[in-house]
Amino acid sequence: MTYAVPVPTPPSLPISGSETLFPVRRVFCVGRNYGDHAREMGADPNREPPFFFLKPADAVFTPKETEILGGTLPVVPYPPQTADLHHEVELVVALGQGGTGIDPADALDTVWGYGVGVDLTRRDLQSEAKSLRRPWDLAKGFDWSGPCSPLRPVSAVGHPADGRIWLDVDGVLRQEGDLRDQIWTVAEIIAHLSRSVALRPGDLLFTGTPAGVGALPHGSSVTAGIDGVAELSFTIA
């Protein structure tokens, strides 16, 4: 049997108002960056520096419309191997520059733009991994685990340091907070992470979620947003 050499399709996200795509290199996610969420997960938000986990670059995507549930809706497939899929709405930071040992005062110069994303989590797998002191990879990094809005450049939205962040499920408010409630700012996150890895253009940062995370059954309709940045809607199918 002859095997063809695969031609990879680089992961990318759409840019709002443009036909140009933003190439995604790596996806770093910040854990427990809102005090109220840290407390609801049983942690002390005052004790730890930022910590990170990763998603595969191709797990982040903008949901496309599909004919389902009697209409045409943006759809995210319900993942296998879980009975407890959770939502976590987050500010997404897209880097246009990189570096190492970046000073917090210079960190925002590396940012190309922003979006809103939802860190989907197989909570039952994560809980089991925590109890067994194992990695979270399959709880956080599965296929289609990072639905994200089209990105908007800094020239359009500035550097949002405050503003309402929220998520509804079936029209009911589940999560609500303010970007000012983040324990670590975007600049501090970039600076801290750049001491561990060489950041590069195309890297994305999911910057943490406010309290109110919860389950998404099959057929749930999700709308999430950050005031002045973007909104994102999809149905779990």
Side-chain angles (χ1 to χ4, degrees), residues 11 24 26-61 63 76-93 116-148 165-170 172-177 179 181-184 188-189 192-193 195-197 203-222 224 232 234-237:
V24 178
R26 293 176 297 186
V27 182
F28 298 95
C29 304
V30 184
R32 296 198 293 260
N33 195 33
Y34 288 76
D36 53 0
H37 174 60
R39 284 184 284 272
E40 79 173 346
M41 300 303 289
D44 183 342
N46 299 312
R47 287 189 175 180
E48 57 187 0
F51 71 93
F52 301 88
F53 58 90
L54 284 82
K55 287 182 181 286
D58 61 0
V60 178
F61 68 105
V76 174
Y78 196 97
Q81 302 298 315
T82 185
D84 195 20
L85 178 68
H86 277 213
H87 57 77
E88 300 185 7
V89 61
E90 312 205 7
L91 174 69
V92 177
V93 181
V116 57
V118 177
D119 170 21
L120 294 176
T121 303
R122 295 195 278 204
R123 191 71 74 200
D124 42 3
L125 270 65
Q126 185 189 38
S127 297
E128 180 182 22
K130 286 180 177 180
S131 67
L132 297 173
R133 305 175 76 87
R134 292 176 178 173
W136 298 359
D137 296 56
L138 293 183
K140 289 285 192 178
F142 53 92
D143 297 337
W144 315 113
S145 60
C148 186
I165 177 173
W166 52 273
L167 182 143
D168 292 352
V169 178
D170 296 329
V172 178
L173 184 65
R174 286 275 193 90
Q175 291 186 266
E176 185 175 35
L179 296 180
D181 299 330
Q182 293 180 106
I183 298 169
W184 300 93
E188 291 169 334
I189 290 167
H192 187 90
L193 184 57
R195 295 199 293 269
S196 296
V197 298
D203 288 342
L204 297 183
L205 309 176
F206 277 58
T207 58
T209 194
V213 301
L216 290 173
H218 288 270
S220 299
S221 293
V222 178
L232 171 67
F234 58 88
T235 294
I236 298 292

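The first residue in the sequence is number 1, and the count goes up from there. Only this structure's heavy atoms are used, side chains among them; waters, hydrogens and symmetry mates stay out.
Atom CG in D143 sits 12.0 Å away from atom CG in L120 (nearest 0.5 Å). Distance check: Q182 CD to T209 OG1 gives 10.0 Å after rounding to the nearest 0.5 Å. For the atom pair OG1 (T207) and CG (L179), the distance works out to 7.0 Å, reported to the nearest 0.5 Å. In this structure, CG on D203 lies 4.5 Å from CZ on R26, to the nearest 0.5 angstrom. Here R122 contributes atom CZ and S127 contributes atom OG; the two are 13.0 Å apart, rounded to the nearest 0.5 Å. Interatomic distance, Y34 OH to Q175 CD, rounded to the nearest 0.5 Å: 9.5 Å.
For the residue pair A57 and V27, the shortest heavy atom distance occurs at CA-CG2, 3.9 Å. The two residues I236 and Y78 have their closest heavy-atom pair at CG2-CD1, 3.5 Å. A pairwise comparison of heavy atoms in C148 and V92 identifies SG-CG2, 4.1 Å as the closest pair. Residues S145 and K140 come closest through the heavy atom pair OG-O, 3.1 Å. When all heavy atoms of V30 and P50 are compared, the closest pair comes out as CG1-CB, 4.4 Å. When every heavy atom of I183 is checked against every heavy atom of E188, the shortest pair comes out as O-OE1, 4.1 Å.
Shown here are the side chain to side chain contact (heavy atoms under 4.5 Å, CB included) partners of P63, two or more places apart in sequence or in another chain: F61, P74, V76, P147, L232, F234. Residues satisfying the side-chain hydrogen bond (donor to acceptor under 3.5 Å, both in side chains) criterion with D124, sequence neighbours excluded, are T82. In this view, F51 and R32, E48, W136 satisfy the side chain to side chain contact (heavy atoms under 4.5 Å, CB included) rule, not counting sequence neighbours. In this structure S220 satisfies the side-chain hydrogen bond (donor to acceptor under 3.5 Å, both in side chains) test with no other residue, sequence neighbours excluded. With sequence neighbours left out, the side chain to side chain contact (heavy atoms under 4.5 Å, CB included) criterion links L173 to R164, W166, D168, E176.
Applying the salt bridge (charged side-chain N to carboxylate O under 4.0 Å, His left out) rule to pairs touching residues 206-221 yields nothing, sequence neighbours excluded.
Residues H86 and D84 are in side-chain contact: their nearest non-hydrogen atoms beyond the backbone lie under 4.5 Å apart. Side-chain contact between F28 and L193 is present, with at least one heavy-atom pair separated by less than 4.5 Å. Using a 4.5 Å heavy-atom cutoff, the side chains of I165 and P210 are in contact. Looking only at side-chain heavy atoms (C-beta outward), L205 and F52 stay at 4.5 Å or farther from each other.
The only member of K55, R123, R174 that meets salt bridge (Lys or Arg N to Asp or Glu O under 4.0 Å) when paired with E88 is R123.
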Inset, instruction - Please assess V169 against H87 for the test side-chain contact (heavy atoms from CB on, under 4.5 Å), listing each intermediate value before the final yes or no. - result: CA-CA 9 Å; V169 178; H87 57 77; 4.0 Å; yes
